[in-house]
Chemist: 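Let me give you the structure first, and then I'll get to my questions.
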Protein chains: 2
Amino acid sequence: MILSASSVHALRAVAWLAAHENGEAMLGRDLARQVNVPADYLSKVLATLARGGVLTASRGVKGGYRLARPASRIRLIEVVLPFEGKRAIPGCLLRPGHPCRESGACSAHPAWGRVKDTYTAFLEKTTIAQIKGGS
Amino acid sequence: MILSASSVHALRAVAWLAAHENGEAMLGRDLARQVNVPADYLSKVLATLARGGVLTASRGVKGGYRLARPASRIRLIEVVLPFEGKRAIPGCLLRPGHPCRESGACSAHPAWGRVKDTYTAFLEKTTIAQIKGGS
DNA sequence: GGTATTATGGACATACGTGTCCATAATCCT
DNA sequence: AGGATTATGGACACGTATGTCCATAATACC
């Protein structure tokens, strides 16, 4: 249920970036201060997001970070996946990693299936634009 | 979203115990084999469950583990809480650990709140009896 | 071209979850 | 009482997430 600290850092940073876009790139250290995350650690997170195509990074004087696309076209799953890995898509309750087919033996599925589907739908359908007001 | 390995071990063990109750106590090593978990590690998990009042443990020749109550009166949250800690009850998406009030500023709440509530309701209302068929 | 500025990357430290190994305590049976 | 059986607890090993520190590469500005 709980996202890793890196995932939360990433979400907070991207959401803040989306809420304060003004055409200029944002410095890593400013972003770290605004989002209240250690700057040296956030820089790694941001680099990962840049490699993943969510952010664009530029070095030098007028450098910093920007969203690679409008916030309405960035889904939470894209931000979170590099840090959560396969754990982002939950499987069977009692057999993590297994596909968890509805028809099967596990009687936990009726209840667990709803949780699982609600969660995955949240990550796959929610966009950064719907989050950016949050803090 | 993902429960810790210890929580899953605990759920599997308790569910298996519930599905195979026959009046006799079950040996830790047999339980470990059935549930496919390292015996020396599962023993710690089972000890925690016994301390938590979910299981009763008895030593000696006819010893082993039993459910402390009928499976229909053991809720998943009781099994999982000792291993998940406060993480078992998710908070605000972008501020883990915060109460996450609906009225507040965070625009993630409409979508995230449903996920959160579905998850906590699952843990608090589902009983072992509804799980024990699973494997 | 040179210098300041910024992101990038590597090395390292720490904490914790998971797992292993072994000695000890409690209990049952003869 | 004594020995076999079983759970309990402590010490240790290992990998990974998180976080820190510092050198290096890329870029803008003069």
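In what follows, every chain begins at residue 1, and chains take the letters A, B, ... in the order their sequences are listed.
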Chemist: Which sits closer to the 5' end of DNA chain C, B:A5 or B:V61, going by the nucleotide each is nearest to?
Modeler: B:A5
Chemist: Can you give me the first and the last nucleotide of DNA chain D (5' to 3') that has an atom within less than 4.0 angstrom of a non-hydrogen atom in chain B?
Modeler: D:dT5 to D:dA11
Chemist: From NZ of A:K62 over to C1' of C:dT6, roughly how many Å is that when rounded to an integer?
Modeler: 13 Å
Chemist: Are B:E84 and B:R87 within salt-bridge range, i.e. N to O under 4.0 Å?
Modeler: yes
Chemist: Mark yes or no for whether B:R12, through its side chain, and A:L94, through its backbone, hold a donor-acceptor pair below 3.5 Å.
Modeler: yes
Chemist: Please work out if A:Y65 contacts a base, only the sugar-phosphate, or nothing of the nucleic acid, heavy-atom cut-off 4.0 Å.
Modeler: sugar-phosphate
Chemist: With a non-hydrogen cut-off below 4.0 angstrom, is B:L27 in contact with a base, only sugar-phosphate, or nothing?
Modeler: sugar-phosphate
Chemist: Does the distance from a Lys or Arg side-chain N to an Asp or Glu carboxylate O, for B:R69 and B:E78, drop under 4.0 Å?
Modeler: yes
Chemist: Measure up the B:W112 and A:F122 rings against each other and bin them: parallel (under 30°), tilted (30 to 60°), perpendicular (over 60°).
Modeler: tilted
Chemist: Where each residue is assigned the nucleotide of DNA chain D containing its nearest heavy atom, which of A:S43 and B:A57 is assigned the position nearer the 5′ end?
Modeler: B:A57
Chemist: For B:D30, does the CG atom sit with more than 12 other heavy atoms under 6.0 Å from it, leaving out its own atoms?
Modeler: yes
Chemist: Need to verify one output field. Residue with the more 5' nearest nucleotide on DNA chain D, A:H9 or B:K44?
Modeler: B:K44
Chemist: Using whole Å, what does the distance between atom C1' of nucleotide C:dA26 and atom CZ of B:R59 come to?
Modeler: 4 Å
Chemist: So, does A:R75 use its side chain to make a donor-acceptor pair with the main chain of A:L123 at under 3.5 Å?
Modeler: no
Chemist: May I have the distance from B:I2 (atom CD1) to C:dT18 (atom C1'), rounded to whole angstrom?
Modeler: 17 Å
Chemist: C:dT6 P sits how many Å from A:L31 CG, rounded?
Modeler: 14 Å
